[in-house]
Amino acid sequence: MSVQSETITPQAPAADPLVADEALRPAFFDWLCRMGDNTVVLGHRISEWCGHGPVLEEDIALANTALDLIGHTQMWLGLAGEVEGRGRSADDLAFLRDAYRFRNAKLVELPNGDMAVTLMREFLFDAWHFEMLTALTRSASARVAEIAAKALKEVSYHLERSSDLVVRLGDGSAESHARMQEALDRLWSYAGELFTADATDDAMAAAGIAPSLADLLAQWQRTVDEVLEEATLRKPEGRFDVHQGGKQGRHTEHLGYILAEMQFLQRAYPGASW
Amino acid sequence: MYAQMVKSEGMKARDEMSPEELAFQERIDRGEKIEPKEWMPEGYRKTLVRQIGQHAHSEIVGQLPEGNWITRAPTLERKAILLAKVQDEAGHGLYLYSAAETLGVSRDDLVEKLHSGAMKYSSIFNYPTLNWADMGAVGWLVDGAAIMNQVPLQRTSYGPYSRAMIRICKEESFHQRQGYSIMMKMAQGTPEQKEMAQDALNRFWGPALMMFGPSDKDSVHSAQSMAWKIKINTNDELRQKFVDETVPQAEYLGLTIPDPTLKWDDERGHYDFAQPDWDEFFEVLKGNGPCNEERLGARRRAWDEGAWFREGLVAYAEKSAARRAAAGVAAE
């Protein structure tokens with residue numbers, strides 16, 4: 001095959017023995033669900049804004065962000081299904097698991113509130129997501145590295161946009177400042193779950209598939225400190241890791257309603273093709 | 001499409017035209033494009049603002065009936081496609097508001113007129129989307145009807161409008177195809193899915209025919225707009241073309257057009273079909289459609305609740321400008 005035709009043919013996924021590693025399977029599957037569940041649930045929340053944004057440019061940006069996150073979900077949950085090896089597709093995992101099987105952090109399932117809450121949540125998440133994906137581009141799993149590289153391009157932009165808006169609204173009018181501060185105060189205690197490692201995270205770090213979460217924290221804090229300072233916002237004094245459990249399937253009451261809505265058609269018409 | 005009953009300023013005979021107006025009309029007749037800084041009759045400018053504004057508003061309000069199903073889309077791929085489509089619609093709104101701005105109106109002013117009811121959006125978006133097949137029907141029929149009007153408008157006389165239409169048409173034809181693909185899946189799916197597909201067609205057929213506006217004999221503003229090439233075909237021509245193209249597509253899907261009088265007329269070379277319920281159409285325009293309150297209410301609420309957001313950005317821009325100015329003074 002010529003070089004030229006190779007570049008235009010969609011590439012087969014990279015060879016990756018870790019995908020079939022039986023010893024790693026439960027932790028690897030669990031961890032991939034965490035990645036995909038974070039993106040599908042946050043994508044769902046952001047998509048609720050469609051047509052209801054404060055200005056046309058925001059309608060476009062919000063839809064675009066949700067679209068990116070749904071695209072990431074297809075990749076993460078697709079790989080999760082392969083690793084699990086029971087023939088489940090990304091759609092099966094997204095639409096046919098109940099809330100206690102979802103592995104997203106609680107932060108992403110919280111209701112949208114106003115644009116201040118939506119944007120502050122995006123910012124806290126994006127800053128984590130960016131560090132996570134950057135580290136994952138060096139994953140021992142070639143498949144994970146491949147997905148991370150694709151997603152990172154979009155998430156770099158998400159972080160740039162949410163940082164910029166946090167700064168502009170934080171340092172904007174008295175009202176926008178107050179709303180951004182209130183949003184930060186409300187969300188702060190949920191952010192730490194993204195950095196709290198359990199046995200799954202430890203197993204992934206030991207296998208070189210994912211970074212140690214503690215290693216991501218310093219850079220996340222630097223980004224958050226810098227942006228909050230420029231935004232003239234005060235970092236809350238309380239603990240940032242009060243609300244835990246989403247990653248282990250113990251969620252807020254909100255997730256059940258998200259899934260009731262998201263999964264309605266698949267649940268009401270089992271086996272139909274759409 | 002999305003422009004219905006756009007009021008046009010009084011038609012003048014050639015011998016009543018001023019030399020400027022005559023020269024302008026001759027440029028249009030030669031197929032020249034009119035550009036923003038060039039002289040134009042006030043009536044031409046006003047009619048275009050109404051038409052482009054109505055079209056832009058339709059794109060914006062049009063996000064809502066489809067947005068209604070994004071969180072319930074049945075697969076990740078369908079969700080992604082629907083998000084992309086709604087995002088395109090917001091983008092079309094943006095091009096069109098920009099085209100209108102070249103005529104000396106601001107986007108905020110147009111939006112304010114939408115919210116006050118002084119400007120309209122297409123009647124079609126006042127109908128509810130009740131089952132998933134509606135996402136197919138909206139793409140297939142609503143975007144299909146829109147394309148009938150927008151394709152000829154690529155040749156409209158006003159340059160910025162024509163260029164916006166060229167971009168929009170590329171995306172709309174993709175939207176129509178994805179709508180048809182949903183209808184195919186539904187029509188070939190389980191008995192319940194087929195039932196949903198037929199139900200969607202039953203509900204959207206009449207409102208889709210109304211999108212072209214009233215019959216030519218009742219369409220008082222067409223002649224001047226056509227002379228100015230702001231409107232290229234008559235309402236009835238486009239409606240007939242739409243029916244002629246759509247009937248075989250419905251047959252292919254195995255769905256029944258909800259019109260017992262529908263039949264092919266060999267002599268005319270067209271389908272004969274029943275007119276939609278025009279009384280209903282005028283009620284919808286008056287604000288009495290099934291979703292007028294929800295649609296306009298949602299847009300007003302989004303605007304009002306977003307006021308702090310827009311004001312915050314303005315405040316930041318002003319502070320930054322002041323800081324830059326102060327830094328500039330300090331540097332001198």
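Letters A, B, ... mirror the listed sequences (proteins, then strands); counts begin at 1. On a predicted model such as this, the values are computed, not experimentally measured, just so you know.
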Heavy-atom pairs under 4.5 Å with chain B, option from L169(A), L62(A), D171(A) with the top count: D171(A)
Minimal non-hydrogen separation, D59(A) against A90(B), with atom names: CB-CB, 4.4 Å
Approximate separation, where rounding is to 0.5 Å, of Q74(A) CD and T75(B) OG1: 7.5 Å
Toward chain B, the part of L165(A) with a non-hydrogen atom under 4.5 Å: side chain
Largest heavy-atom contact set with chain B, pairs under 4.5 Å, which of G71(A), G271(A), S89(A), A116(A): A116(A)
Most contacts with chain B, counted as non-hydrogen pairs under 4.5 angstrom, among G43(A), S173(A), S47(A), C50(A): S173(A)
Which portion of E77(B) sits near chain A, non-hydrogen atoms under 4.5 angstrom: both
Part of A73(B) within contact of chain A (heavy atom distance under 4.5 Å): backbone
Heavy-atom pairs under 4.5 Å with chain B, option from L119(A), V55(A), L56(A) with the top count: L56(A)
Chain A contact via Q87(B) - which portion, at a heavy-atom distance below 4.5 Å: both
Partner chain A: residue of K79(B), R301(B), E311(B), Q188(B) with the largest heavy-atom pair count (under 4.5 Å): K79(B)
T39(A) OG1 to L76(B) CG distance, which is reported to the nearest 0.5 Å: 9.0 Å
Atom pair CD1/CD1 of I81(B) and I70(A) - distance to nearest 0.5 Å: 12.5 Å
Shortest non-hydrogen contact from P54(A) toward R310(B): O-NH1, 2.8 Å
Beyond-backbone contact of F309(B) with R179(A), side-chain heavy atoms, under 4.5 angstrom: no
Residue list, side chain to side chain contact (heavy atoms under 4.5 Å, CB included) with K185(B), at least two apart or on another chain: S273(A), R78(B)
Chain A interface, residue from R107(B), E66(B), M184(B) that has the most non-hydrogen pairs under 4.5 Å: R107(B)
Worked verdict on M196(B) versus Y269(A) for side-chain contact (heavy atoms from CB on, under 4.5 Å): CA-CA 12 Å; M196(B) 288 184 232; Y269(A) 303 99; 3.4 Å; yes
Exceeds 12 heavy-atom contacts within 6.0 angstrom, atom CZ of R167(B): no
Atom pair CG/CD1 of L94(B) and I60(A) - distance to nearest 0.5 Å: 4.5 Å
Engaged part of A90(A) at the chain B interface, taking heavy atoms whose separation is under 4.5 Å: both
Segment of T190(B) engaging chain A (4.5 angstrom heavy-atom cut-off): side chain
Heavy-atom closest pair, residues A302(B) and G53(A): CB-O, 3.6 Å
Residue R45(A) versus chain B: region with a heavy atom under 4.5 Å: neither
Distance (rounded to the nearest 0.5 Å) between R168(A) CZ and K319(B) NZ: 13.0 Å
Spatial distance of atom CG (L313(B)) from atom CG (D164(A)) [nearest 0.5 Å]: 8.5 Å
side-chain contact (heavy atoms from CB on, under 4.5 Å) evaluation trace for W308(B) with D114(A): CA-CA 10 Å; W308(B) 70 268; D114(A) 60 3; 4.2 Å; yes
Contact origin within V40(A) toward chain B - heavy atom pairs under 4.5 Å: side chain
Under 4.5 Å from any heavy atom of chain A - which part of L82(B): neither
Stepwise side-chain contact (heavy atoms from CB on, under 4.5 Å) test for H52(A) and L64(B): CA-CA 8 Å; H52(A) 304 278; L64(B) 298 169; 3.6 Å; yes
Chain B-proximal positions within residues 252-266 of chain A [heavy-atom distance under 4.5 Å]: E261(A), M262(A), F264(A), L265(A), Q266(A)
